[in-house]
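Quick notes on the structure that follows.
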Amino acid sequence: MTREMRIAIDGPAAAGKSTIAKLVAKKLGYTYIDTGAMYRAITYKVLQNAVDPCNEEEVAKLISRTHIELEQGNEAQRVLLDGAEVSEAIRSHEVTSQVSAIAALTSVRQLLMKKQQNLAEERSVVMDGRDIGTTVLPDAELKIFMTASVEERAQRRLLEEQLRGMKSDYVTLKREITERDKADSEREISPLKKAEDAIIIDTTGKTIEQVTNMIVEYAEKRLAR
Ligand code: DC
């Protein structure tokens, strides 16, 4: 299939981006790309190798030999790091607490940005992250900035983690989300920011289906132009 459209979905942590992006991609027949999973996979590797996340030189050396693949399953997406599946491992609290520091490093961002741009070169994609509309795909045909109240985001993440069998509590999750948003918004390169031409969708109080349909409608309108 030739490339019809690139949909960029950015926003703060736990706003529902990946759940919605996956469904939008399925409805439109596009490829879903979870860029947060890539930053998480790198962070996992750094932690596994006991490299200090603040030591950019060491991190750069380690990741120059890294292979990340996102495999599209029917329901979930599998994340492969150097050939081994890490889909679950990258969602741990340890990775979540370190990922913003790793994502602030220039070498990490350069490497992943190139990978992400290559993935969107020849196919229609729905890509979610923090800097897709501003930096990775500045010419994306449709840009969405998805938000929700921090209370609702913490509540949703709690349910998600409980379903996965993780031991989580609301207060800790709310604090983690707030800290991560602050770090992601204040970093120097490609911070979390709404692109000027992005459409804001506040998902507070909206169902997954409502938000998915809204985005599909925006996409269909763009295609009909
Ligand atoms: O979407 P997520 O919560 O899985 O993302 C994990 C972290 O990765 C997030 O806190 C910041 C970083 N990230 C980023 O800096 N740029 C992106 N495009 C996607 C994620």
Side-chain angles (χ1 to χ4, degrees), residues 9-23 25-26 31-56 58-120 123 125-132 136 156-168 172-173 176-177 179-180 183-184 187 190 192:
I9 304 183
D10 292 301
K17 301 184 298 293
S18 60
T19 306
I20 306 278
K22 220 175 289 169
L23 289 169
K26 204 169 178 187
T31 302
Y32 165 57
I33 298 165
D34 177 353
T35 64
M38 295 179 168
Y39 287 95
R40 286 173 179 274
I42 295 278
T43 305
Y44 178 75
K45 181 161 181 173
V46 168
L47 294 173
Q48 285 295 98
N49 285 272
V51 168
D52 175 3
C54 300
N55 186 335
E56 177 146 23
E58 284 293 308
V59 172
K61 217 191 290 169
L62 180 74
I63 65 166
S64 64
R65 294 170 264 121
T66 298
H67 193 68
I68 299 173
E69 256 179 291
L70 302 179
E71 258 185 25
Q72 312 296 330
N74 236 356
E75 290 308 318
Q77 175 184 256
R78 291 175 77 222
V79 185
L80 302 178
L81 173 69
D82 299 326
E85 176 157 14
V86 293
S87 318
E88 282 290 318
I90 60 168
R91 307 283 161 198
S92 71
H93 283 287
E94 200 193 0
V95 169
T96 303
S97 67
Q98 297 295 324
V99 66
S100 291
I102 296 291
L105 302 176
T106 311
S107 48
V108 173
R109 298 211 75 81
Q110 274 172 352
L111 178 91
L112 293 187
M113 186 179 78
K114 226 173 281 156
K115 265 189 207 296
Q116 292 154 10
Q117 287 173 336
N118 286 342
L119 286 170
R123 53 172 87 81
V125 295
V126 183
M127 194 178 278
D128 82 330
R130 303 293 187 289
D131 62 337
I132 311 306
V136 179
R156 286 184 197 157
R157 186 50 55 94
L158 181 67
L159 282 176
E160 198 182 299
E161 295 197 352
Q162 282 173 342
L163 280 177
R164 241 191 258 132
M166 290 168 75
K167 280 204 183 105
S168 316
T172 310
L173 281 175
E176 267 180 14
I177 286 173
E179 283 172 3
R180 203 141 60 88
D184 293 340
R187 69 168 174 244
S190 298
L192 161 65

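None of these values were measured; they are calculated from a predicted model.
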Under 3.5 Å, is there a donor-acceptor pair between the side chain of [X] and the main chain of [Y]?
{"X": "Asp82", "Y": "Thr66", "value": "no"}
{"X": "Glu71", "Y": "Leu80", "value": "no"}
{"X": "Lys17", "Y": "Pro12", "value": "yes"}
{"X": "Gln117", "Y": "Val136", "value": "yes"}
{"X": "Arg40", "Y": "Ile90", "value": "yes"}
{"X": "Asp10", "Y": "Ile132", "value": "yes"}
{"X": "Arg109", "Y": "Ala103", "value": "yes"}
{"X": "Asn49", "Y": "Val51", "value": "no"}

Of all heavy-atom pairs between [X] and [Y], which one has the smallest distance, and what is that distance?
{"X": "Pro53", "Y": "Ile102", "value": "CB-CD1, 3.6 Å"}
{"X": "Leu111", "Y": "Ile63", "value": "CD2-CD1, 3.9 Å"}
{"X": "Thr96", "Y": "Arg91", "value": "OG1-O, 4.0 Å"}
{"X": "Ala89", "Y": "Val95", "value": "O-CG2, 3.8 Å"}
{"X": "Ala15", "Y": "Arg156", "value": "O-NH1, 3.2 Å"}
{"X": "Met127", "Y": "Ala120", "value": "CE-CB, 4.1 Å"}

To the nearest 0.5 Å, what is the distance between [atom1] ([X]) and [atom2] ([Y])?
{"X": "Arg187", "Y": "Thr106", "atom1": "CZ", "atom2": "OG1", "answer": "10.5 Å"}
{"X": "Cys54", "Y": "Gln98", "atom1": "SG", "atom2": "CD", "answer": "8.0 Å"}
{"X": "Glu161", "Y": "Leu173", "atom1": "CD", "atom2": "CG", "answer": "5.0 Å"}
{"X": "Thr35", "Y": "Lys115", "atom1": "OG1", "atom2": "NZ", "answer": "13.5 Å"}
{"X": "Glu94", "Y": "Thr43", "atom1": "CD", "atom2": "OG1", "answer": "10.5 Å"}

Audit row: Leu70, Met38, side chain to side chain contact (heavy atoms under 4.5 Å, CB included) steps and yes/no: CA-CA 8 Å; Leu70 302 179; Met38 295 179 168; 3.8 Å; yes
Glu58/Lys61 salt bridge by N-O under 4.0 Å criterion: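 Yes.
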Please determine, by modelled atom types, if [X] and [Y] share a side-chain donor-acceptor pair under 3.5 angstrom.
{"X": "Ser97", "Y": "Arg180", "result": "no"}
{"X": "Gln72", "Y": "Thr31", "result": "no"}
{"X": "Asp184", "Y": "Ser100", "result": "yes"}

Derivation and outcome, side chain to side chain contact (heavy atoms under 4.5 Å, CB included), residues Leu112 and Ile42: CA-CA 9 Å; Leu112 293 187; Ile42 295 278; 4.1 Å; yes
Asp34 and Val79, any side-chain heavy atoms less than 4.5 Å apart: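 No, side chains not in contact.
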Criterion salt bridge (charged side-chain N to carboxylate O under 4.0 Å, His left out) on Arg157 and Glu160, from CA distance to verdict: CA-CA 5 Å; Arg157 186 50 55 94; Glu160 198 182 299; 3.5 Å; yes
Test side chain to side chain contact (heavy atoms under 4.5 Å, CB included) applied to Lys167 and His93, step by step: CA-CA 10 Å; Lys167 280 204 183 105; His93 283 287; over 6 Å; no
Derivation and outcome, side-chain hydrogen bond (donor to acceptor under 3.5 Å, both in side chains), residues Ser87 and Glu85: CA-CA 6 Å; Ser87 318; Glu85 176 157 14; 2.6 Å; yes
